[in-house]
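To keep things clear, I will list the structure first and then write my remarks on it.
Chain letters run A, B, ... following the sequence lines, proteins first, then strands; residues in each count from 1.
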2 protein chains.
Amino acid sequence: MSWLRGVRAEVVHESVRRTGGVPEATVGRLPLYLRALTPLHDQGITNIASEELAALAGVRSTQLRKDLSHLGSYGVRGVGYDVDLLAAQIAQELGLTQEWPVVIVGMGNLGRALASYGGFSGRGFRIVALADDDPAVVGTRVEGLTVSTLADLATAGPTVAIGVITTPAPAAQAVADQLVAMGVRSILNFAPGHLTVPDEVDVRGVDLATELQILAFHEQRRLLAVPTSGQVPSEDREVAG
Amino acid sequence: MSWLRGVRAEVVHESVRRTGGVPEATVGRLPLYLRALTPLHDQGITNIASEELAALAGVRSTQLRKDLSHLGSYGVRGVGYDVDLLAAQIAQELGLTQEWPVVIVGMGNLGRALASYGGFSGRGFRIVALADDDPAVVGTRVEGLTVSTLADLATAGPTVAIGVITTPAPAAQAVADQLVAMGVRSILNFAPGHLTVPDEVDVRGVDLATELQILAFHEQRRLLAVPTSGQVPSEDREVAG
DNA sequence: ATGACTTTGTGAAGGCTTGCACAAAGTCGA
DNA sequence: TCGACTTTGTGCAAGCCTTCACAAAGTCAT
Ligand SMILES: NC(=O)c1ccc[n+]([C@@H]2O[C@H](COP(=O)([O-])OP(=O)(O)OC[C@H]3O[C@@H](n4cnc5c(N)ncnc54)[C@H](O)[C@@H]3O)[C@@H](O)[C@H]2O)c1
Ligand SMILES: NC(=O)c1ccc[n+]([C@@H]2O[C@H](COP(=O)([O-])OP(=O)(O)OC[C@H]3O[C@@H](n4cnc5c(N)ncnc54)[C@H](O)[C@@H]3O)[C@@H](O)[C@H]2O)c1
């Protein structure tokens with residue numbers, strides 16, 4: 001993401017005053033466009049047409065153009081979009097010209113996998129703290145950071161903007177409450193279940209079971225639609241559960 | 001999920017013929033309702049009103065009722081919904097009365113975390129195979145399963161319905177192609193990037209960076225709206241990236 | 001049985017999102 | 001300079017999703 005810094009200055013003037021009015025659906029797709037642009041930059045491609053970029057991102061070109069129009073982005077008619085400039089504009093709109101400090105709470109299997117994941121830094125985020133409440137885990141070092149308790153973080157930790165919850169589900173609400181008390185207003189929750197938070201706090205939930213169940217619904221539909229052919233899931237025989 | 005088996009028989013007659021017409025947005029919320037119902041069952045609660053269940057799931061009660069109306073669910077006016085019966089109906093609609101066989105491809109940090117995650121079995125899914133292409137990993141045992149290559153799975157592995165991709169992004173498309181060639185038509189992709197697959201194949205992508213970037217957008221909006229007060233993200237000073 | 005009360009199920013309205021069609025605005029070769 | 005061609009940006013229409021309002025259908029105390 002460092003390659004975005006260079007062009008940022010030129011971009012600020014154009015779009016900083018254009019505050020409001022980006023539809024939520026568009027916001028959800030901007031990261032996809034940014035994701036598609038990065039390899040283009042790496043390949044040295046400097047210009048791309050909406051048709052092509054849309055294919056890379058998995059959307060229709062008309063939707064891409066409509067989305068970009070909301071952030072006042074100017075491509076060049078007859079030519080396309082400047083890859084670096086477009087990426088810089090999207091990054092600016094998403095607030096990725098600064099690095100957001102992140103805390104991960106719950107250093108279990110998933111929490112450790114996330115902590116050792118390289119995809120944070122360089123994409124607008126930096127893990128600045130790790131937390132757990134298991135005395136056996138607190139104090140250990142993971143990826144160069146010492147695991148502490150949430151309570152300690154609240155009194156003596158670095159400022160954090162985003163909290164990632166990877167504790168078991170029964171602990172998630174209490175953890176969320178503590179994060180909110182610390183001033184965190186953006187939470188990414190991997191524990192299954194709904195979190196109740198004040199209005200000004202933004203929660204996004206990622207639930208593996210939910211995703212698989214949506215896939216299962218469509219899979220079942222396909223099998224029911226053509227009941228004769230092919231593969232059938234493992235039969236529902238007497239199992240442990 | 002075993003507690004759903006008992007009532008299944010009674011439910012089948014009602015809804016099995018009602019094939020079509022569940023809106024996609026509703027399908028996406030059915031897992032949330034199911035997730036909210038499970039603890040209610042565990043607490044011995046046998047009946048619940050839409051208002052209450054909606055609060056647990058994080059949606060409006062009118063939306064819950066509209067959603068349920070699409071699968072022909074009958075609550076009792078003046079009373080509410082039977083917890084076990086409703087859960088069984090939703091599970092049936094989602095195809096969770098059978099166990100879907102799952103393969104995880106890419107036994108790195110994330111793949112191993114998923115493999116050792118208990119939330120699969122008992123929720124309608126079972127991991128039946130693990131794959132990787134690193135000779136140092138192939139042949140090792142993870143959670144009772146021996147890691148094999150995708151090629152070996154294709155010729156001599158168990159039937160799988162759902163593939164989970166946890167390889168690095170550059171390998172994801174090739175892995176998806178192999179899964180499709182094996183007959184897999186449902187893919188959950190954790191690698192960032194768009195997968196191109198035939199029409200009949202269903203892909204859902206989970207991208208950590210995307211989720212964080214959406215949070216960052218709203219976080220930035222809040223900070224811009226009240227530019228005077230409080231916390232500011234870590235300043236954009238000269239960093240490695 | 002009756003009436004007061006509760007809660008579901010749904011038609012209709014409103015809002016958001018997508019996709020179409022096309023004018024606007026540029027490039028490029030001659 | 002001109003005309004053919006390419007590609008963007010957008011008004012508008014269609015479709016999907018959510019929310020409102022309320023009738024329908026039940027419970028429960030008397
Ligand atoms: N492991 C996966 O692949 C996976 C996948 C999807 C979802 N999840 C969900 O993510 C969460 C974590 O999964 P996991 O497999 O890493 O679990 P885990 O048991 O390995 O780790 C949980 C960690 O949270 C810590 N913890 C518990 N209560 C806490 C509290 N109040 N404050 C701080 N830390 C606390 C525990 O000490 C432990 O280290 C679970 O909710 C799980 O459902 C996990
Ligand atoms: N680790 C995380 O917390 C995290 C979070 C979000 C997304 N992701 C994404 O998930 C993916 C995996 O992340 P990770 O941290 O586990 O990476 P990792 O490097 O630890 O593991 C990747 C594994 O995939 C295997 N692999 C590579 N090519 C393969 C192929 N063609 N066929 C089969 N196996 C192959 C490798 O041998 C390795 O074991 C990445 O795309 C990453 O962007 C990871």
State whether the side chain of [X] and the backbone N or O of [Y] hold a donor-acceptor pair below 3.5 Å, judged by distance alone.
X        : Y        : result
A/Trp100 : A/Gly95  : yes
A/Gln92  : A/Thr97  : no
B/Thr38  : B/Leu34  : yes
B/Thr166 : B/Gly106 : yes
A/Asp202 : B/His218 : no

Atom-to-atom span, [atom1] of [X] to [atom2] of [N] - whole angstrom:
X       : N      : atom1 : atom2 : value
B/Glu51 : C/dT8  : CD    : P     : 8 Å
A/Glu52 : D/dT8  : CD    : P     : 10 Å
B/His70 : D/dC16 : NE2   : C1'   : 11 Å
B/Leu86 : C/dT8  : CG    : P     : 11 Å
B/Leu64 : C/dT10 : CG    : P     : 14 Å
A/Asp82 : D/dT7  : CG    : P     : 16 Å
A/Asp67 : D/dT8  : CG    : P     : 14 Å

Ion pair [X]/[Y], N-O distance below 4.0 Å:
X        : Y        : value
A/Glu200 : A/Arg185 : no
A/Arg35  : B/Asp207 : yes
B/Arg221 : A/Glu93  : yes

* **From CG (B/Leu188) to CD1 (B/Ile165), nearest 0.5 Å** =>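 The CD1 atom of B/Ile165 is 9.0 Å from CG of B/Leu188, to the nearest 0.5 Å.
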* Asked: How does protein contact run along nucleotides 19-30 of chain C, one letter per nucleotide 5' to 3', with B for base contact, S for sugar-phosphate only, - for none, heavy atoms under 4.0 Å?
  -> B----BBSS---
* Inter-end axis angle, the helix from C/dA1-D/dT30 to C/dA30-D/dT1, with every axis fitted to five base pairs (rounded, 10 degrees) ->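 The helix from C/dA1-D/dT30 to C/dA30-D/dT1 shows an end-to-end axis angle of 20°.
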* To do: On DNA chain C, check which nucleotide each of B/Tyr81 and A/Glu24 is closest to and give me the residue with the more 5' one.
  =>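 Of the two residues, B/Tyr81 wins.
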* Asked: Just to confirm, is there a sub-4.0 Å distance from OP1 or OP2 of C/dT7 to any side-chain nitrogen or oxygen of B/Ser50?
  ->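 So the side chain of B/Ser50 is outside the cut-off, no N or O lying under 4.0 Å from OP1 or OP2 of C/dT7.
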